[in-house]
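What follows is one structure encoded as structure tokens, with my remarks underneath.
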Amino acid sequence: MPSAPEVMAFPPDEWHYALALAACLAITLPLEFAGARVYRRPRRLLRALAPALLFLAWDVVAIGAGVWEISPVYTLGVRLAPGLPVEEALFFVTIPLCALLTFETVRRIRVGKVGERR
């Protein structure tokens with residue numbers, strides 16, 4: 001009796017991490033056009049992202065020491081350092097960027113209210 005054909009998952013498992021990051025960016029990107037002005041202030045953006053370098057280094061050391069690992073099942077297989085998938089490095093840019101877009105939009109809305117003090 002022939003076995004049932006395997007059904008391919010859509011999207012394939014290895015795309016999950018990358019697609020989650022892309023979804024975060026896609027959801028928050030319109031905030032730039034709503035007045036967040038994050039991309040129009042590159043020095044401020046770089047200052048906001050600078051702490052990510054510390055966490056990225058921490059990640060590389062922890063992965064190298066075997067403290068934790070990123071599952072290869074959910075990553076594309078591209079490594080920037082031993083054990084460090086490209087998605088993990090992009091995480092440290094994407095999440096602060098999305099948070100900054102959200103923060104600037106909320107701040108702009110709050111400051112724009114009539115009679116509200118800053």
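Only heavy atoms go into these numbers, but all of them, side chains included; no hydrogens, no water, no symmetry mates.
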task: Kindly indicate, with the supporting measurements, whether the criterion side-chain contact (heavy atoms from CB on, under 4.5 Å) is fulfilled by Tyr17 and Leu90.
output: CA-CA 10 Å; Tyr17 198 170; Leu90 291 173; over 6 Å; no

- request: Just do the side-chain contact (heavy atoms from CB on, under 4.5 Å) check on Glu14 and Thr75 with the steps written out, would you?
  value: CA-CA 4 Å; Glu14 62 268 12; Thr75 61; over 6 Å; no

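- Closest heavy-atom contact between Cys98 and Cys24: SG-O, 3.4 Å.
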- request: Given side-chain contact (heavy atoms from CB on, under 4.5 Å), test Arg79 with Glu88 step by step and report yes or no.
  value: CA-CA 9 Å; Arg79 304 277 185 237; Glu88 184 72 357; over 6 Å; no

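- No continuous path of ILVMFWY side-chain contacts below 4.5 Å connects Val93 to Val78, so the two sit in separate hydrophobic clusters.
- Taken together through direct or relayed side-chain contacts under 4.5 Å among Ile, Leu, Val, Met, Phe, Trp and Tyr, Leu46 and Phe91 form parts of separate hydrophobic clusters.
- Checking side-chain atoms of Glu87 against main-chain N and O of Leu76 turns up a donor-acceptor pair under 3.5 Å.
- In this structure a side-chain-to-backbone donor-acceptor pair under 3.5 Å is missing from Arg44 to Tyr39.
- Heavy atoms only, all atoms of each residue included: Leu19 and Pro11 are closest at CD1-CG, 3.4 Å.
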message: Is there a side-chain contact (heavy atoms from CB on, under 4.5 Å) between Tyr74 and Trp15? Walk through the geometry before answering.
response: CA-CA 6 Å; Tyr74 300 109; Trp15 282 93; over 6 Å; no

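- No continuous path of hydrophobic side-chain contacts links Leu21 to Leu101 [ILVMFWY only; heavy atoms under 4.5 Å].
- Residues Leu54 and Ile95 are members of separate hydrophobic clusters, defined by side-chain heavy-atom contacts under 4.5 angstrom among Ile, Leu, Val, Met, Phe, Trp and Tyr.
- Contact of the Pro82 side chain with the Ile63 side chain is not registered, since no non-hydrogen atoms from C-beta on lie closer than 4.5 Å.
- Using a 30° and 60° split on the angle between ring planes, Trp68 and Trp58 fall in the tilted class, from 30° to 60°.
- Shown here for Ala89 and Leu56, the closest heavy-atom pair between the two residues is CA-CD1, 3.9 Å.
- Linking Ile, Leu, Val, Met, Phe, Trp and Tyr residues whenever their side-chain heavy atoms come within less than 4.5 Å places Leu84 and Ile70 in a single cluster.
- Annotation for Val38 and Glu104: closest pair CG2-CG, 3.8 Å, computed over non-hydrogen atoms.
- Two residues are said to be in side-chain contact when any heavy atoms from C-beta on lie closer than 4.5 Å; Thr28 and Leu31 meet this criterion.
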